[in-house]
Amino acid sequence: MIKDYKKKFDLQNKLAFVAGGLGYIGKEIVKALISMDCKVVVLDNFSKKNNKNENIYHEYMDLSKTSKLKKSFYKIIKKYGTADIFINASYPKTKDWKKNSFKEISLKSFETNVKIHLNSYIWCSKIIAEHMLKDKINGSIINLSSIYGLVGQDLSIYKDTNMRENITYSIIKGGVINYTRQMASYYGPKNIRVNCLCPGGVLDKINVKNKNFIKNYKKKVPLGRLAKSREIAACCLFLSSEASTYVTGTTMVVDGGWTSI
């Protein structure tokens, strides 16, 4: 019986595509999948060569080019086959992303960011789902959203920092959550599971330098700290594996209790 449970997490002979797989969270997701003997194709807008692990492959893909996504995925699927698992951890954004606050945002920036982020998440997952359906794969699709797709941004954590609220971010992440539910409803009868992962604050190289932000954040979260990227990756493993075969349309919150209070 114990061995049966271990097999549920075994991803040997499975193929995963990880969009944004060179990002801070994306890299940990790739590590987690590889640890379970999964073959992984990393999709990112800058390539990486000389792989040390024979199960990791890198392919250039600019997800902000939404009109080219169908053609790009066709080439990759022709080369590697259709993925059993698709995880979107990408974060496409414009150069003026930090100015998407109520005071500084422009209509052009707002519209562009929705197009390259929300629209790319929607179109990528739809393209992959259709290929899974065509090749009769009981696949798993995981979209990364955020707690700020569920609740408004708590402005108190930006006190004494140079950080600001972001209108576009919450709209995009809220859209990703509800689209995931819509996908699950449609593709569930076709044996394709679609779930959404909503992390809280994750400790990374950028925010670790902002001591006031860290201090403010810790006060607001029941577990008293930010998440580690590997804690997000572990949840992706669950949703990728056969341990979650009866889980679809869910919004898995990984936030240390932030949204519970």
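Note on ring orientation: taking the six-membered ring where Trp is involved, the planes of F213 and Y158 are parallel (angle under 30°, cut-offs 30° and 60°).
Nearest heavy atom pair, residue Y217 against residue G201, reads OH-N, 2.7 Å. Here the shortest heavy-atom pairing between F73 and C124 reads CE1-SG, 3.6 Å. Nearest approach of V194 to A184, heavy atoms of both residues: O-CB, 3.8 Å.
Between the side chains of N113 and T168, no donor-acceptor pair is found at a separation under 3.5 Å. Using a 3.5 Å distance cut-off with no hydrogens or angles, the side chains of Y80 and E59 do pair a donor with an acceptor. Residues N100 and S109 have side chains that bring a donor and an acceptor to within less than 3.5 angstrom of each other. At a cut-off of 3.5 Å, with distance as the only test, no side-chain donor of N195 or T250 sits close to an acceptor on the other residue. Between N210 and T161, the side chains place no donor N or O within less than 3.5 Å of an acceptor N or O (distance only, hydrogens not considered). Neither side chain, N119 nor T66, offers a donor N or O lying under 3.5 Å from an acceptor on the other.
If you run side-chain contact (heavy atoms from CB on, under 4.5 Å) between T82 and each of M132, K134, E130, K136, only M132 comes through. Exactly one of D255, I232, V254, L226 qualifies for a side-chain contact (heavy atoms from CB on, under 4.5 Å) with V202. That residue is I232. Of the candidates V18, L43, I142, L63, L63 is the only one forming a side-chain contact (heavy atoms from CB on, under 4.5 Å) with N88. Of the options N45, I76, D44, a side-chain contact (heavy atoms from CB on, under 4.5 Å) to M61 is made by I76 and by none of the others.
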field: W258 vs V253, side-chain contact (heavy atoms from CB on, under 4.5 Å): CA-CA, chis, key distance, verdict
entry: CA-CA 9 Å; W258 179 280; V253 183; over 6 Å; no
message: Apply side-chain contact (heavy atoms from CB on, under 4.5 Å) to residues W97 and N166 and explain how you reach the verdict.
response: CA-CA 9 Å; W97 175 247; N166 189 300; 3.5 Å; yes
- request: Take M183 and I122 through the test side-chain contact (heavy atoms from CB on, under 4.5 Å) and record every step on the way to the result.
  value: CA-CA 9 Å; M183 278 198 81; I122 291 170; over 6 Å; no
